[in-house]
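Notes to accompany the following structure.
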Number of protein chains: 2
Amino acid sequence: MTSRKSIAARQDLAREGEKPTGMYLILEGWAMRCRQRADGSRQILAILLPGDLAIDPPHRPLNHAICSLTQVRYGLIPHPHFGEDTSELPEFMAALWRRQLETASIQLEWIANNGRSAYERIAHFLCETYARARCCGLASGNECEFPLTQQDLASVTGLTSVHVNRTLQHMRKDGLIELHGKRLVLLKPDGLGQAATFDAAYLRWPPAARALVA
Amino acid sequence: MTSRKSIAARQDLAREGEKPTGMYLILEGWAMRCRQRADGSRQILAILLPGDLAIDPPHRPLNHAICSLTQVRYGLIPHPHFGEDTSELPEFMAALWRRQLETASIQLEWIANNGRSAYERIAHFLCETYARARCCGLASGNECEFPLTQQDLASVTGLTSVHVNRTLQHMRKDGLIELHGKRLVLLKPDGLGQAATFDAAYLRWPPAARALVA
DNA sequence: CGAAGACTTGAAAATCATCAAAACGAGTGG
DNA sequence: CCACTCGTTTTGATGATTTTCAAGTCTTCG
């Protein structure tokens with residue numbers, strides 16, 4: 001890793017238009033891929049948790065930004081080199097490849113959001129995010145840190161914050177969740193999963209990232 | 001490549017629940033990733049054109065099917081092996097890696113659909129698909145083959161076929177497209193691109209696939 | 001305490017879904 | 001060539017979902 005940096009909440013790790021010089025490895029805190037739209041609204045394209053890598057094509061301007069949600073510690077790892085004279089460790093390449101396949105699986109699941117209702121979308125995102133947070137050791141019991149505002153949830157799901165608010169109230173009335181003060185509690189994980197048709201199988205959690213962090 | 005196969009239109013190359021034994025390389029024809037939902041409706045998660053690779057985590061059941069849209073010729077390539085004793089060609093690995101990054105870029109773009117209106121979604125899909133088809137040599141002038149029905153378009157965009165129909169009529173009235181008989185014409189590519197806020201930069205087209213096919 | 005951001009609420013309007021039926025088109029067999 | 005069928009496209013009417021706008025309340029934090 002070339003460097004380790006720290007950055008405050010709600011700042012850019014990389015801006016739209018920049019050409020990434022490496023892969024961003026999140027060491028601590030929450031980050032996201034975030035696109036600014038012409039009308040000023042934002043669209044969140046991915047959530048990055050500790051251990052996650054933001055890998056983008058090298059030498060190409062990003063068409064979105066990579067931003068912190070909370071304070072973030074991160075590292076910038078040079079892009080791997082696959083040429084004849086590669087000096088990369090094979091197990092590093094293997095970990096990277098698995099990671100990328102996992103990322104693709106998560107992205108497919110987000111694409112499936114297009115066919116889901118507001119309630120399903122939000123429920124699915126909460127299930128996924130909780131599961132991922134849990135695997136980074138960020139959850140205890142049925143509870144985890146959750147630094148997204150309802151506005152952020154709206155940017156994730158492509159809904160308005162007003163509708164997110166009402167849908168969350170609906171979920172609370174259904175006794176599925178608690179959500180306040182940057183903290184999420186799954187009161188009925190199974191019920192929520194059912195509402196979201198959530199099946200965690202697409203989430204694999206090899207501790208590849210830990211090898212990279214070490 | 002272990003084998004080359006041919007399959008009729010609207011058949012499964014791989015079914016949900018199967019564990020893929022390799023990567024599906026499309027040689028000819030159109031294919032898709034397709035999820036069957038509980039209520040019977042389908043959701044199209046990706047379109048696969050000649051030269052495209054469907055790569056999934058090995059040894060894990062697919063949570064969706066890979067199906068043909070038209071008649072398809074394809075090959076099944078063993079998953080790459082990254083161990084110490086890897087026997088893969090470095091340029092093969094490099095091509096594979098670039099391919100996967102490209103796929104991730106396209107997927108991010110589809111995720112952005114969550115924040116788009118029906119008109120934008122459809123316009124964006126048409127732009128992207130035309131651009132990709134063009135790069136496979138499947139387009140001439142502003143015209144290309146387009147084997148998706150309006151029902152398929154609905155499955156891609158997460159809309160109903162009725163609404164897709166009305167939106168297409170709207171586009172025709174705007175003089176942007178012609179679409180009938182499995183053929184798409186972009187009458188005003190720029191106008192359509194503008195309506196979709198489409199920027200082709202995320203599509204890179206290294207002829208990597210050709211190296212794989214050869 | 002004050003200010004800024006986040007959350008909540010209500011009413012009206014736009015978008016999109018649902019249901020049902022009709023028109024169109026391509027292919028098949030008589 | 002015609003009649004028939006099947007899938008696709010088109011149309012209309014109605015209803016649900018979601019957005020928009022605007023205002024109010026609640027938290028958090030300096």
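These figures come from a predicted structure and were not determined experimentally. The sequence lines fix the lettering, A, B, ..., with proteins before strands; numbering per chain opens at 1.
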* Between A:Leu138, A:Leu192, A:Asn142, which is the residue that forms a side-chain contact (heavy atoms from CB on, under 4.5 Å) with A:Tyr130? -> A:Asn142
* To do: Find the distance B:His163:NE2 to D:dT8:P and express it as a whole number of Å.
  => 21 Å
* **Closest listed nucleotide, where the reference is the side chain of B:Gln169 and the choices are C:dG10, D:dT11, D:dT18** => D:dT11
* To do: Assign A:Thr149 to base, sugar-phosphate, or nothing according to its heavy-atom contacts below 4.0 angstrom with the strands shown.
  => sugar-phosphate
* Asked: To the nearest angstrom, how far is A:Asn114 atom CG from D:dT18 atom P?
  -> 13 Å
* Interatomic distance where CG belongs to A:Leu148 and P belongs to C:dC7 [whole Å] -> 10 Å
* Checking all strands, does B:Ser117 fall into the base, sugar-phosphate, or nothing category for heavy-atom contacts under 4.0 angstrom? -> sugar-phosphate
* Should the pair A:Tyr202 and A:His124 be assigned to parallel (<30°), tilted (30 to 60°) or perpendicular (>60°) ring geometry? -> parallel
* How are the rings of A:Tyr74 and A:Tyr24 set relative to one another: parallel (under 30°), tilted (30 to 60°) or perpendicular (over 60°)? -> tilted
* Asked: Salt bridge or not for A:Arg132 and A:Asp52, using N-O below 4.0 Å?
  -> yes
* Integer-rounded Å distance: C:dG5 C1' and A:Gln151 CD -> 11 Å
* Structure fact -> B:Arg183 atom CZ is separated from C:dA26 atom P, nearest whole Å, by 15 Å
* Asked: What do you reckon, is CZ of A:Arg10 surrounded by more than 12 foreign heavy atoms closer than 6.0 Å?
  -> yes
* Asked: Between B:Glu128 and B:Trp110, does any side-chain donor sit less than 3.5 Å from a side-chain acceptor?
  -> yes
* Please report, rounded to the nearest Å, how far the C1' atom of D:dT17 is from the CZ atom of A:Arg116. => 18 Å
* Asked: Phosphate oxygens OP1/OP2 of C:dT8: is one of them under 4.0 Å from a side-chain N or O of A:Asn165?
  -> yes
* To do: For the helix from C:dA17-D:dT14 to C:dG30-D:dC1, figure out the bend between the end axes, five pairs an end, and round to 10 degrees.
  => 20°
* Check every strand shown and say whether A:Arg172 touches a base, only sugar-phosphate, or nothing at a heavy-atom separation below 4.0 Å. => sugar-phosphate
* Asked: Between A:Gly181 and A:Leu159, which has a closest nucleotide on DNA chain D that is more 5'?
  -> A:Leu159
* Side chains of A:Asn165 and A:Gln169: donor-acceptor distance under 3.5 Å anywhere? -> yes
* Interatomic distance, B:Arg10 CZ vs D:dT8 P [rounded to whole Å] -> 7 Å
* Asked: OP1, OP2 of C:dG5 versus side-chain N and O of A:Gln150: anything below 4.0 Å?
  -> no
* To do: Please report, rounded to the nearest Å, how far the C1' atom of D:dT18 is from the CZ atom of B:Arg121.
  => 12 Å
* Nucleotide of D:dA13, C:dG10, C:dC16 approaching A:Val162 most closely (side-chain heavy atoms) -> C:dG10
* Identify whether any heavy atom of B:Leu168 sits under 4.0 Å from a base atom; if not, whether one sits that close to sugar-phosphate; answer base, sugar-phosphate or nothing. => nothing
